[in-house]
Amino acid sequence: MTGGFRLEPLQLDILREIGNIGAGHAATSLSKILGMRIEMSVPNVEILSFDKIAQYVGEDKLVVGIYMSVEGDMTGSIFFLMGITSAKFLLSQLFQEELNEKEPFTEKDLDALQEIGNILTGSYLSALADFTHLTLYPSIPSIAVDMAMAILTYGILEIGRSGNDALLIDTSFMNGSEKLEGHFFFIPDPSFFPTLFKALGVPM
């Protein structure tokens with residue numbers, strides 16, 4: 001356990017399986033957008049307390065963050081954070097041009113990254129909804145480029161609520177030898193885990 005909520009190995013295995021299914025859907029969608037083969041996997045799933053998220057990603061690390069609220073049978077906030085190198089790689093493949101990591105993102109870049117993030121988070125949310133048969137509605141996504149903690153704090157304030165624990169789903173992107181990484185954080189309302197495992201038929 002790394003956060004304030006304890007999950008048994010079986011429960012983590014189920015969440016990892018849901019993450020892998022979401023990654024499979026996301027890889028298919030991303031491959032169509034970029035016109036290239038993308039493989040994705042979920043090397044790590046765990047629960048983190050909210051104040052440890054930035055430490056995990058890197059407190060001083062500049063990231064691109066896409067965030068949205070989730071409504072329906074379970075509510076909370078979902079974030080997808082990726083490093084600048086990963087974001088620039090995705091854009092270079094999308095636009096078929098070299099991009100300088102030191103140059104700021106243009107409005108076109110941010111619109112494209114917001115759409116990519118929307119598709120990726122939607123894939124994971126769909127996998128979660130399919131597995132649990134729960135109804136989940138994502139909001140329109142927002143995007144920011146900043147330090148991880150600043151994005152998380154701003155997103156939470158915008159959405160106006162959260163629990164104390166976050167479900168982390170690390171994601172690895174592979175294109176040949178090129179490996180990129182992203183982090184999904186679902187910061188749920190306190191009722192999330194009991195509702196989730198009841199839907200999965202797993203005892204708490």
Side-chain angles (χ1 to χ4, degrees), residues 1-30 38-57 63 65-82 86 117-139 141 148 151-152 155-156 159 161-174 179-204:
M1 186 188 74
T2 53
F5 193 95
R6 179 182 294 277
L7 292 179
E8 300 298 329
L10 172 62
Q11 294 168 331
L12 281 174
D13 285 345
I14 291 172
L15 292 176
R16 188 175 292 106
E17 180 60 19
I18 292 172
N20 277 320
I21 292 172
H25 294 169
T28 300
S29 298
L30 202 54
I38 295 287
E39 296 180 357
M40 298 177 72
S41 63
V42 177
N44 184 36
V45 174
E46 62 181 288
I47 303 298
L48 290 176
S49 60
F50 178 73
D51 58 1
K52 290 185 177 177
I53 295 176
Q55 295 177 26
Y56 188 91
V57 176
V63 298
I66 293 96
Y67 58 94
M68 62 185 74
S69 64
V70 178
E71 302 293 341
D73 294 327
M74 293 188 296
T75 56
S77 314
I78 190 166
F79 296 80
F80 177 57
L81 305 181
M82 58 183 159
S86 297
N118 186 33
I119 290 169
L120 295 179
T121 52
S123 297
Y124 281 89
L125 207 56
S126 293
L128 187 60
D130 290 345
F131 238 82
T132 58
H133 303 291
L134 294 173
T135 300
L136 303 171
Y137 302 105
S139 70
I151 290 176
L152 290 163
I156 291 299
I159 293 165
R161 53 171 170 57
S162 73
N164 295 320
D165 296 303
L167 170 64
L168 162 69
I169 302 175
D170 267 344
T171 302
S172 292
F173 304 73
M174 295 291 293
K179 182 178 181 181
L180 307 168
E181 292 184 348
H183 309 280
F184 282 94
F185 293 100
F186 187 22
I187 303 176
D189 287 347
S191 64
F192 168 77
F193 290 109
T195 302
L196 173 65
F197 290 112
K198 181 180 179 181
L200 293 170
V202 178
M204 291 293 296

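Note that the structure is predicted; figures quoted are calculated from it, not measured.
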Novice: Salt bridge (charged side-chain N to carboxylate O under 4.0 Å, His left out) with E17: which residues, sequence neighbours excluded?
Specialist: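 E17 satisfies salt bridge (charged side-chain N to carboxylate O under 4.0 Å, His left out) with no other residue.
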Novice: Are the side chains of V70 and Y137 in touch, meaning some heavy atoms are under 4.5 Å apart?
Specialist: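 Counting from C-beta outward, V70 and Y137 never come under 4.5 Å.
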Novice: Can you list the residues that meet the side chain to side chain contact (heavy atoms under 4.5 Å, CB included) rule with L134, with sequence neighbours excluded?
Specialist: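 Side chain to side chain contact (heavy atoms under 4.5 Å, CB included) check on L134 returns D73, M74, T132, T195, A199.
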Novice: So, taking the atom named OG in S29 and the one named CG in N118, what distance separates them when rounded to the nearest 0.5 Å?
Specialist: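 Output value for this atom pair is 10.5 Å.
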Novice: Once rounded to the nearest 0.5 Å, what's the spacing between atom CD1 of I21 and atom OG of S123?
Specialist: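 With rounding to 0.5 Å, CD1 (I21) is 12.5 Å from OG (S123).
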Novice: Ignoring hydrogens and angles, state whether a donor on the side chain of Q11 or D13 is under 3.5 Å from an acceptor on the partner side chain.
Specialist: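 There is no such pair (donor and acceptor under 3.5 Å, judged by atom type) between the side chains of Q11 and D13.
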Novice: Which pair of non-hydrogen atoms, one from L81 and one from A148, has the smallest distance, and what is that distance?
Specialist: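 Heavy-atom minimum between the residues: CD1-CB, 4.2 Å.
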Novice: Rounded at 0.5 Å granularity, tell me how far OG1 in T28 sits from CD in E39.
Specialist: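 Spacing of OG1 (T28) from CD (E39) equals 11.0 Å.
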Novice: Output yes when a side-chain donor or acceptor of T121 lies under 3.5 Å from a complementary backbone atom of G117, and no otherwise.
Specialist: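 Checked: pair present.
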Novice: Measuring from L136:CG to T75:OG1, what's the distance to the nearest 0.5 Å?
Specialist: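 These two atoms lie 10.0 Å from each other.
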Novice: Minimum heavy-atom separation for I151 to F79, with atom names?
Specialist: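 Heavy atoms of I151 and F79 come nearest at O-CE2, 3.9 Å.
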Novice: Under the side-chain contact (heavy atoms from CB on, under 4.5 Å) criterion, do L167 and F185 qualify, and how do the steps go?
Specialist: CA-CA 6 Å; L167 170 64; F185 293 100; over 6 Å; no
Novice: The criterion is side-chain hydrogen bond (donor to acceptor under 3.5 Å, both in side chains); which residues satisfy it with S139, sequence neighbours excluded?
Specialist: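 side-chain hydrogen bond (donor to acceptor under 3.5 Å, both in side chains) list for S139, sorted by chain: S69.
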Novice: Begin with the C-alpha distance, continue with both residues' side-chain angles, and end with the deciding distance and a verdict on side-chain contact (heavy atoms from CB on, under 4.5 Å) for L125 and F184.
Specialist: CA-CA 11 Å; L125 207 56; F184 282 94; over 6 Å; no
Novice: Could you work out, with side-chain hydrogen bond (donor to acceptor under 3.5 Å, both in side chains) as the rule, every residue matching H183, not counting sequence neighbours?
Specialist: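 H183 satisfies side-chain hydrogen bond (donor to acceptor under 3.5 Å, both in side chains) with D170 once adjacent residues are dropped.
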Novice: Are any of the side-chain heavy atoms of E46 and N44 separated by less than 4.5 Å?
Specialist: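 Heavy-atom side-chain distance check passes, below 4.5 Å.
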Novice: Taking salt bridge (charged side-chain N to carboxylate O under 4.0 Å, His left out) as the definition, give me every residue that meets it alongside D130, ordered by chain and number, with sequence neighbours left out.
Specialist: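 Partners of D130 by the salt bridge (charged side-chain N to carboxylate O under 4.0 Å, His left out) criterion come out as none, since no residue qualifies.
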Novice: Could you check if a side-chain atom of L15 sits within less than 4.5 angstrom of a side-chain atom of F197, using non-hydrogen atoms only?
Specialist: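 Answer yes - side chains close enough.
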Novice: Using the test side chain to side chain contact (heavy atoms under 4.5 Å, CB included), find all partners of A23 that sit at least two apart in sequence or belong to another chain.
Specialist: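 Expected list: M40, V42, Y124.
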Novice: Please say which of T171, I66, L120 ends up in a side chain to side chain contact (heavy atoms under 4.5 Å, CB included) with M82.
Specialist: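 Exactly one option meets the side chain to side chain contact (heavy atoms under 4.5 Å, CB included) with M82, and it is I66.
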Novice: Does the side chain of I169 come within less than 4.5 Å of I18's, by heavy atoms?
Specialist: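 A side-chain contact is absent here, since even the closest heavy-atom pair is not under 4.5 Å.
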Novice: So F131 and L200, do their side chains get closer than 4.5 Å, heavy atoms only?
Specialist: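 Answer yes - side chains close enough.
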